[in-house]
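Encoded as structure tokens, the structure appears first; notes follow it.
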Amino acid sequence: MNIEMQLKDKVLEAVQHIYSQQVDESAIQIQKTRKDFEGDFTLVVFPLLRVSKKPPEQTAEEIGKYLCDNIHEISGYNVIKGFLNLTLNSSFWVLFLNNVAGKEHYGYITEKENPSTVLIEYSSPNTNKPLHLGHIRNNLLGYAVANIIASQGDKAIKVNLVNDRGIHICKSMLAWQKWGNGITPEKAGKKGDHLVGDFYVMFDKEYKIQIEELIEKGQTEEEAKKNAPLIIEAQDMLRKWEAKDSSTIALWKEMNHWVLRGFDVTYKNLGIDFDKVYFESDTYKLGKEIVQEGLKKGVFFKKDDGSVWVDLTDEGLDQKLLLRADGTSVYITQDIGTAHQRFDDFKANELIYVVGNEQNYHFQVLKLIMQKLGYSFSEYLFHLSYGMVELPEGKMKSREGTVVDADDLMEEMIRTAEEMSRELGKLDDYGENEKNQIIRTIGLGALKYFILKVDPKKNMTFDPKESIDFNGNTGPFIQYSYARIRSLIKKAQAKEIQIPAEIPSVIDINIKELQLIKLIHTYPEILYEASENLSPAIVANYIYEMAKEYNQFYHEYPILSEEKAGISVFRLFLSLQVGKIIQSGMSLLGIDVPERM
RNA sequence: GGUCUCGUAGCUCAGUUGGAUAGAGCAACAGCCUUCUAAGCUGUGGGCCGAAGGUUCGAAUCCUUCCGAGAUCACCA
């Protein structure tokens with residue numbers, strides 16, 4: 001039982017004892033004492049005035065005295081207005097710290113009684129162009145959320161659903177056929193996803209020209225968009241694909257293969273992975289049967305032309321098409337199918353979709369449909385809806401060439417890390433291998449942290465010109481703090497100082513040390529909260545606070561050079577724990593920490 | 001118009017089921033390296049928490065209205 005629960009219990013007891021009355025547990029609010037006040041935990045007594053029928057100060061005083069007399073961990077208390085601040089004795093904190101040191105994965109729940117299986121779908125790229133900054137946010141979020149969920153004892157399964165079919169894919173294929181002259185990634189010396197992306201852009205450019213021409217000849221824009229020869233050819237190609245025309249399929253396979261190989265490189269560089277990859281070319285027909293069943297049950301209805309719809313006007317939404325008149329499926333049909341399949345395949349308890357907030361409506365509809373169909377799992381579908389990454393001048397637009405490419409960005413970050421290291425003379429006497437390793441860690445750390453520290457649901461701005469900071473609330477700052485700790489530990493080892501598995505409980509803890517220990521104390525709550533809210537940002541901000549606090553401590557107190565051996569060892573011991581948590585938290589975020597930098 | 005998000009310092013962001021005097025970083029200015037990594041630390045300035053009401057002992061947080069920004073409402077995915 002943790003100390004907060006223990007305090008709660010005792011307060012209940014105190015109220016019973018002093019005022020001879022029961023109160024609901026929810027009336028007992030124990031929180032961490034704010035930094036500007038003396039104490040470790042604070043009881044807010046306002047909700048208890050109802051039973052005490054006394055002024056706040058007096059109530060706090062009475063309860064404080066009772067607690068102090070009855071809990072040996074409490075060494076003192078003070079009352080300010082309606083706040084009862086309790087101070088715990090140092091041996092409690094030392095004991096706690098020893099406990100942390102003994103655990104391999106402090107903060108994790110390693111054995112959960114009824115672990116859930118949670119499926120996390122993320123990334124979900126189209127195979128017609130390379131990944132960009134928006135995908136980076138998606139990938140980092142999906143990966144980190146999966147880690148965080150797993151840390152809380154549930155089983156997290158990462159899946160990717162690759163959108164490898166459809167008209168947009170045909171556009172790239174058609175352009176390559178027309179203007180590619182048989183070029184391949186090898187011949188072009190280019191990553192396959194970038195090469196295919198070039199053809200997609202090429203298509204769009206030519207298509208625009210054709211539209212302009214048709215408009216000049218007197219067609220409306222709408223007509224022109226439909227009648228441009230290129231789009232007609234692309235649609236024709238899609239029909240051939242669906243009819244399994246062998247040469248179309250062969251080209252499709254080849255170009256998809258190029259793109260997927262390119263994605264693999266990007267994923268690897270980003271440091272993310274999947275347990276299972278689905279392809280839409282395999283799944284796009286799923287869901288039709290379910291829709292038919294729904295039609296029989298009267299959940300959906302058929303229009304005169306034979307198309308199937310769901311009416312969501314009672315829910316404040318519109319009608320939504322589920323099957324075309326020709327019986328082919330649309331996007332949502334497929335999602336109905338895959339959701340069902342996944343709950344089946346994996347015996348999943350929850351399904352989380354990491355998808356941008358532009359698709360909020362889609363997922364709202366999906367969930368409602370599943371509900372209407374009577375699937376009990378409908379309430380376990382979650383849309384982790386993340387905000388757009390915007391540039392200072394607004395949204396990224398491929399037409400205007402303002403898309404920030406994922407590969408370019410990573411490369412750029414690493415290069416910046418390299419420049420800064422050189423300017424600071426940090427890595428001058430490092431070997432080439434280690435140096436490259438470190439600048440990679442730092443560059444990617446800066447990028448990942450920059451994105452993950454922001455609350456997922458919020459839109460965020462990314463300014464490529466200002467680039468990403470390496471000072472302040474950043475990945476490198478945290479990595480640096482970690483490297484400092486590691487450096488201390490290594491120096492201690494060199495001096496043959498043993499850091500024990502436990503430290504004696506009689507020790508004076510100074511204010512900074514206590515601050516750090518208290519932060520360590522909250523780590524499990526932080527992970528729980530991050531998991532509940534599907535928010536890596538909570539972990540990121542916590543780790544930052546920890547690093548900041550540690551740097552202050554480091555600056556203010558000698559550690560290795562502390563004369564009293566006992567204190568020196570204690571500080572090393574504390575540093576070691578802080579380092580472990582930084583490492584642990586960062587790894588949940590998918591960010592590496594260097595041994596030195 | 002319907003539905004849904006968001007609005008906190010010049011900029012980028014924290015602020016956990018409502019709690020004490022709203023916090024960081026960047027940018028600006030002023031300090032700190034003969035001592036464990038200065039990618040660090042300390043200090044200064046900077047706020048009608050979009051606005052107004054309401055609920056409450058107590059509101060950046062909850063409710064209502066309004067203002068502002070964005071997304072979405074496709075036989076695209």
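No experiment lies behind these values; they were computed from the predicted model shown. Just so it is clear: chains get the letters A, B, ... in the order the sequence lines come, proteins before strands, and each one is counted from 1.
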Check this for me: does any side-chain nitrogen of one of [X] and [Y] sit under 4.0 Å from a carboxylate oxygen of the other?
{"X": "A/Lys372", "Y": "A/Glu315", "value": "yes"}
{"X": "A/Glu549", "Y": "A/Lys35", "value": "yes"}
{"X": "A/Lys32", "Y": "A/Asp40", "value": "no"}
{"X": "A/Arg415", "Y": "A/Glu412", "value": "yes"}

Looking across every strand, which nucleic acid part, if any, lies under 4.0 Å from [X] by heavy atom: base, sugar-phosphate, or nothing?
{"X": "A/Met388", "result": "nothing"}
{"X": "A/Ser421", "result": "base"}
{"X": "A/Val44", "result": "base"}
{"X": "A/Phe477", "result": "sugar-phosphate"}
{"X": "A/Glu358", "result": "sugar-phosphate"}
{"X": "A/Ser124", "result": "nothing"}
{"X": "A/Gln359", "result": "base"}
{"X": "A/Pro47", "result": "base"}
{"X": "A/Phe450", "result": "nothing"}
{"X": "A/Glu525", "result": "nothing"}
{"X": "A/Thr461", "result": "sugar-phosphate"}
{"X": "A/Tyr557", "result": "base"}
{"X": "A/Asn85", "result": "base"}
{"X": "A/Lys457", "result": "sugar-phosphate"}

Problem set entry | Minimum heavy-atom distance between A/Asn459 and A/Gly387, given as atom pair plus value |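 Heavy-atom minimum between the residues: OD1-CA, 3.1 Å.
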Exercise. Between atom CD of A/Gln479 and atom CE of A/Met597, what is the distance when rounded to the nearest 0.5 Å?
Worked result: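 With rounding to 0.5 Å, CD (A/Gln479) is 5.5 Å from CE (A/Met597).
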Problem set entry | Donor on one side chain, acceptor on other, A/Thr33 and A/Thr42, under 3.5 Å |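 Present: a donor and an acceptor within the cut-off.
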Exercise. A/Tyr554 and A/Ser481: side-chain donor and acceptor closer than 3.5 Å?
Worked result: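 On atom types as modelled, these side chains do not qualify, holding no pair under 3.5 Å.
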Whole angstrom value for the distance that separates [atom2] of [N] from [atom1] of [X]:
{"X": "A/Tyr480", "N": "B/G40", "atom1": "OH", "atom2": "P", "value": "7 Å"}
{"X": "A/Lys453", "N": "B/U12", "atom1": "NZ", "atom2": "C1'", "value": "6 Å"}
{"X": "A/Leu424", "N": "B/C33", "atom1": "CG", "atom2": "C1'", "value": "14 Å"}
{"X": "A/Glu556", "N": "B/C41", "atom1": "CD", "atom2": "P", "value": "12 Å"}
{"X": "A/Asp318", "N": "B/U72", "atom1": "CG", "atom2": "P", "value": "15 Å"}
{"X": "A/Gln31", "N": "B/G58", "atom1": "CD", "atom2": "C1'", "value": "12 Å"}
{"X": "A/Phe553", "N": "B/U37", "atom1": "CZ", "atom2": "C1'", "value": "16 Å"}
{"X": "A/Leu366", "N": "B/A77", "atom1": "CG", "atom2": "C1'", "value": "14 Å"}

What interatomic distance, in whole Å, is found between [atom1] of [M] and the corresponding atom of [N]?
{"N": "B/G50", "M": "B/C6", "atom1": "C1'", "answer": "11 Å"}
{"N": "B/C41", "M": "B/A24", "atom1": "C1'", "answer": "15 Å"}
{"N": "B/C67", "M": "B/A20", "atom1": "C1'", "answer": "32 Å"}
{"N": "B/U16", "M": "B/A59", "atom1": "C1'", "answer": "16 Å"}
{"N": "B/U12", "M": "B/G18", "atom1": "P", "answer": "29 Å"}
{"N": "B/C49", "M": "B/U21", "atom1": "P", "answer": "15 Å"}
{"N": "B/U64", "M": "B/C57", "atom1": "C1'", "answer": "23 Å"}

Looking only at atom types and distance, does a side-chain atom of [X] sit under 3.5 Å from a main-chain N or O of [Y], one as donor and one as acceptor?
{"X": "A/Arg486", "Y": "A/Pro594", "value": "no"}
{"X": "A/Ser568", "Y": "A/Ile559", "value": "yes"}
{"X": "A/Lys512", "Y": "A/Gln552", "value": "no"}

Compare the minimum distances between each of [options] and the side chain of [X], then state the nucleotide with the smallest one.
{"X": "A/His555", "options": "B/G40, B/C75, B/C73", "answer": "B/G40"}
{"X": "A/Arg34", "options": "B/A14, B/A77, B/G23", "answer": "B/G23"}
{"X": "A/Leu560", "options": "B/C36, B/C75, B/A77", "answer": "B/C36"}
{"X": "A/Asp469", "options": "B/A77, B/C36, B/C26", "answer": "B/C26"}
{"X": "A/Arg324", "options": "B/C75, B/A38, B/C41", "answer": "B/C75"}
{"X": "A/Tyr361", "options": "B/A77, B/G2, B/A71", "answer": "B/G2"}
{"X": "A/Lys81", "options": "B/A20, B/A77, B/C36", "answer": "B/A20"}
{"X": "A/Gln29", "options": "B/U37, B/G19, B/A71", "answer": "B/G19"}
{"X": "A/Lys548", "options": "B/G25, B/A77, B/A71", "answer": "B/G25"}

For this session: Return the 5'-most residue of the pair A/Glu280, A/Leu317 with respect to RNA chain B, ranking by each residue's nearest nucleotide.
Result: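 First, find each residue's nearest nucleotide; the 5'-ward one identifies A/Leu317.
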Exercise. Of A/Ile80 and A/Glu390, whose closest RNA chain B nucleotide lies nearer the 5' terminus?
Worked result: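 This one resolves to A/Ile80.
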Exercise. Under the 3.5 Å rule, do the base of B/C75 and the side chain of A/Asp305 count as making a donor-acceptor pair?
Worked result: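 It does, because a donor-acceptor pair links the side chain of A/Asp305 to the base of B/C75 below 3.5 Å.
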Exercise. Under 6.0 Å from the six-membered ring centre of A/Trp309 and within 45° of its axis: does the NZ or CZ of A/Lys303 meet both?
Worked result: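 Yes, A/Lys303 lies over the aromatic ring of A/Trp309.
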Problem set entry | Any residue of residues 566-574 of chain A with a heavy atom less than 4.0 Å from an atom of RNA chain B |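 Here the set is empty: none.
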Exercise. Does B/C49 fall in syn (glycosidic angle within 90° of 0) or anti?
Worked result: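 For B/C49, whose glycosidic angle is more than 90° from 0, the conformation is anti.
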Exercise. Counting just side-chain N and O atoms, does A/Lys458 come under 4.0 Å of either OP1 or OP2 of B/G70?
Worked result: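 A/Lys458 to B/G70 OP1/OP2: no side-chain N or O under 4.0 Å.
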Exercise. Can you tell me if the side-chain N/O atoms of A/Ser307 get under 4.0 Å from OP1 or OP2 in B/C75?
Worked result: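 A/Ser307 to B/C75 OP1/OP2: no side-chain N or O under 4.0 Å.
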For this session: I would like to know whether A/Lys81 and A/Glu57 meet salt bridge (charged side-chain N to carboxylate O under 4.0 Å, His left out); could you show each step before the answer?
Result: CA-CA 6 Å; A/Lys81 293 198 255 175; A/Glu57 289 83 354; over 6 Å; no
Problem set entry | Aromatic plane relationship, A/Trp241 with A/Tyr284 - under 30° parallel, 30 to 60° tilted, over 60° perpendicular |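 Geometry flag for A/Trp241 against A/Tyr284: tilted rings.
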Problem set entry | Watson-Crick or G-U stems of RNA chain B, 3 or more pairs, under 3.5 Å, by first number |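 Result, WC/G-U stems under 3.5 Å: B:1-7 with B:67-73, B:10-13 with B:23-26, B:28-32 with B:40-44, B:50-54 with B:62-66.
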